[in-house]
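In what follows, chains are A, B, ... by sequence order, proteins preceding strands, each numbered from 1. Predicted model, so just to flag it, every value in this text is computed and none were measured. Keep in mind that the numbers below use all heavy atoms, side chains included, and drop hydrogens, waters and symmetry copies.
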Protein chains: 2
Amino acid sequence: MAVSATLHDVARIAGVSIKTVSNVINGYPHIRPATRERVESAIAELSYTPNQTARNLRSGRTGAITLAVPDLSLSYFGELAAAVIHEAERAGLVVLVEQTGGDRSREIEMLRSPRLKLTDGLIFSPLGMGQDDVDNLSVSYPLVLLGERIFDGPVDHITMHNVDSTREATEFLIAQGRRRIAVVGAHKGEIVGSAGLRLRGYREALDAAGIAFDDDIVAYTTLWHRANGARSMRQLLADGAKFDAVIGLNDTLALGAMRALQETGRHVPDDVVVVGYDDLDEAQYSIPSLTTVDPGRDWIARTAVTTLQRRLNGESADPGALRQFAPYALRIRESAPQKNA
Amino acid sequence: MAVSATLHDVARIAGVSIKTVSNVINGYPHIRPATRERVESAIAELSYTPNQTARNLRSGRTGAITLAVPDLSLSYFGELAAAVIHEAERAGLVVLVEQTGGDRSREIEMLRSPRLKLTDGLIFSPLGMGQDDVDNLSVSYPLVLLGERIFDGPVDHITMHNVDSTREATEFLIAQGRRRIAVVGAHKGEIVGSAGLRLRGYREALDAAGIAFDDDIVAYTTLWHRANGARSMRQLLADGAKFDAVIGLNDTLALGAMRALQETGRHVPDDVVVVGYDDLDEAQYSIPSLTTVDPGRDWIARTAVTTLQRRLNGESADPGALRQFAPYALRIRESAPQKNA
DNA sequence: GTGAAAGCGCTAACAA
DNA sequence: TTGTTAGCGCTTTCAC
C-alpha cells in the first residue's frame, strides 16, 4: 500500500537469509529462538509488513471475493451485502462489491471484466439477465449465483422458495377472509424471476381457493423501490380498483403502497391489509409494522460464502446439489394481523 | 482467477515475443498490422486475459480501494457505500468493503490489518474511535477520513456541518411555534461525534431563542437504529415528558420515534412534529414523509474518492485544505411542514 | 517494429 | 535449522 521494506531489507538487517525471515513470518516452528528474535526486531525496526500482492501472485489466490449486486442503496441488497461480508470475514475472506444497476448488459460485461481478476471468485445477484443469457455463466472462475433470474445454469445456485412462500402468504390473507387481493410490482409476462414466481404463488393460492384472478388489481412496475410502490398504488386507486388486501412483491413496494393508501385516508389494516416480502429491518418499524415473508437472507449469505469457498478449495460440485433453497417464514405483524378466532 | 493462458502462451502461438504481445494488449501504437492481427487471434484462441495480480505486483498499484464503514445494513451506510462505489467506478477503481461494527478496537485493528494491503488506499468512517485514538491514523497508506469522531488528524478529512445544520433545523421548528423540542439519540457527555455536535447545534438554537434546555426531553441511546428510536420515544412517553416536536439525530431514530408516537395515538404532525437527519431514500416514503437534513451524501462520496485518488497519484495535501465540509440542506416534508403564513 | 532480460516481493523446492 | 534459487506473470528499459 506504500513504499515499504521488503523481505530482503529485513534479512539484511537481521543478518539472515530471506527464507528465514519468511519462515518467521509464516510461523514455521523450527527456528532457533535467538534467530527468531533478531528477525522480529528487524521487522519491528523497519515496521515491515508483507506485500500482499506478491503473495497473491505467488499463491495464485487473493483471499478476496467479489459480490455483485444491483445497488447497495436498495435495502434488500444492503442487508444482503452486510450479511455476505460478515460471513466472508468469518471465512477469512474480504469482499469487493460491484454494483450493476440491475442492467443486463452491465451484468454480462461484469462477468467478463478483467477487474474480477483481482478476486478469487464471484457471488452474483443478477436482475437484468435472463434465461437466454445462461451461456454467459460459463466462466473460468468459481461463481455462485443468487436469485431467480436464471435456472439450470452450469453453476452453483442459491435461490428462494418464491412460489411456495408467496402462496403461503396469500393463503394467509385468504384465511383472514380477504378475497380481493391486489398485487404491486408484477412484471408483465415474466415467468422466471422473482416477480413472475411470486405472482405464480399468488395465483396458485387464488386457484386453490376458487378465487378468480383479476388483472385489474395487479399493478405492473419494473424497479422495486418505494417510489414505484407508492405510484402503483396511487394508480390502482385512481383507476377505481376495489381490493381489501395488497401484496407487495417486496417490502419497499409494500411500504410505498402503504404510504399511498394512508395518504388517501385508507386505514391499514382496518380497511386494507398489506403484506410484503423480504423482512427488511425496516419492516419491524414501519407504521404499522409490516407483515412479510422472511426469505432467509442470512442463510443465503452463509450458504453463498461456504459454497463459493468449497469451489475455491477445488471441490467440484455434486451435480445433483447445485441448486439450494433457502428456508423461509411468514412474519405476521400489524399490517396484516392474525385474526383471533 | 483460474488456470489460464499467459503472455508466454500467446507469444508462442503468435510466434512473437512476449513484449510484442504486451504491446498489443496495452495499446502501443507502433505495431505492424499483420503482427497485431496474429497476436490478437492468438489471444482469442486462448481466450487470454491478463493476470491482474501480476500487473499489480509490477505496477505497485491494485486499482482497488477499501471502504470501511460500521455496517451496510444501516441505511445511511448502505446509501453512502452505494455512492462511493459509484464514484469509484467512474474513477476506474473498485471498492472492497469492510464492516467494523462501529467497534473501537476493531476499527483500530482494521487500520493495521494486512488485508488492507490488497488495496491502494482507504476511505474510513469510524464510529467507535475518538480523539484519543488520533495517532492510529498515522498510517503509511493514503487515507481519507469521514465523519466527526476525530479532528485535526494527520489526514484528509471530510465532514458535515453538523452544528450549523442542526441549529438550522431547530430554528425551523422554533419558527413554526414549537417550544418543547425533544431529542432522540443523544450520547451522554459527548462533545465531538455526530451526536455531540448535533446536540450542540440544537442547544445553540434554543439559546438564541431564549428557550431553556431541558434534559428531561432528551433521550440518550447509543446505536442509531429504528428500534432504539422507538424505544427511546416510548421511554420519554412513559416518563410523562411533554413536548410538541422531536428531533431524531438521524432518520432511522426519527422514524422509530415516529412509529412509537403513532402507536400511542399521537398524530404526526398535528400533535407532534418530527425531523430527522440524513435524508435517506426512505424519508420520502415514510408515513408521513420525513422532514430531514440532507447532509450532502453524494458530495461526500464524490469528494472522498477524488481526494483519495489525488493522494494515490502522489499529490501531497495542502495542509490548509485537509478538512472539507459537505454542503447541507433542510428538506421540508410532511412530518414537520412549513406553516403557511 | 520487435526481442532479450531484469526484476516487482514473495514462497517453496532443494541443498547444505 | 538455515541458505540458495527458481519462478508466479507481467512491464519495462535497452538493444537490435
Problem - Residue from A/L322, A/L308, A/I123, A/V144 passing side chain to side chain contact (heavy atoms under 4.5 Å, CB included) with A/I158 - result: A/V144

Exercise for the section: Summarise protein proximity over nucleotides 6-11 of chain C in one line of letters, 5' to 3': B for base, S for sugar-phosphate only, - for none, counting protein heavy atoms closer than 4.0 Å. Expected result: BBBBBB

Problem - N/O donor-acceptor pair under 3.5 Å between B/R106 side chain and B/Q99 backbone - result: yes

Problem - Heavy-atom donor-acceptor pair, A/E107 side chain to A/L127 backbone, under 3.5 Å - result: yes

Completion exercise
Min and max contacting nt of DNA chain D in 5' to 3' order, chain A heavy atoms within under 4.0 angstrom, are D/dT1 to D/dG9

Problem - Main-chain N/O of A/W299 paired to A/T303 side chain as donor or acceptor, under 3.5 Å - result: yes

Problem - Check: B/N136 main-chain N/O paired with B/D133 side-chain donor or acceptor under 3.5 Å - result: no

Problem - Side-chain donor or acceptor of A/T307 paired with backbone N/O of A/A304 under 3.5 Å - result: no

Exercise for the section: For A/E79 and A/D281, indicate whether the former's side chain and the latter's backbone hold a donor-acceptor pair under 3.5 Å. Expected result: yes

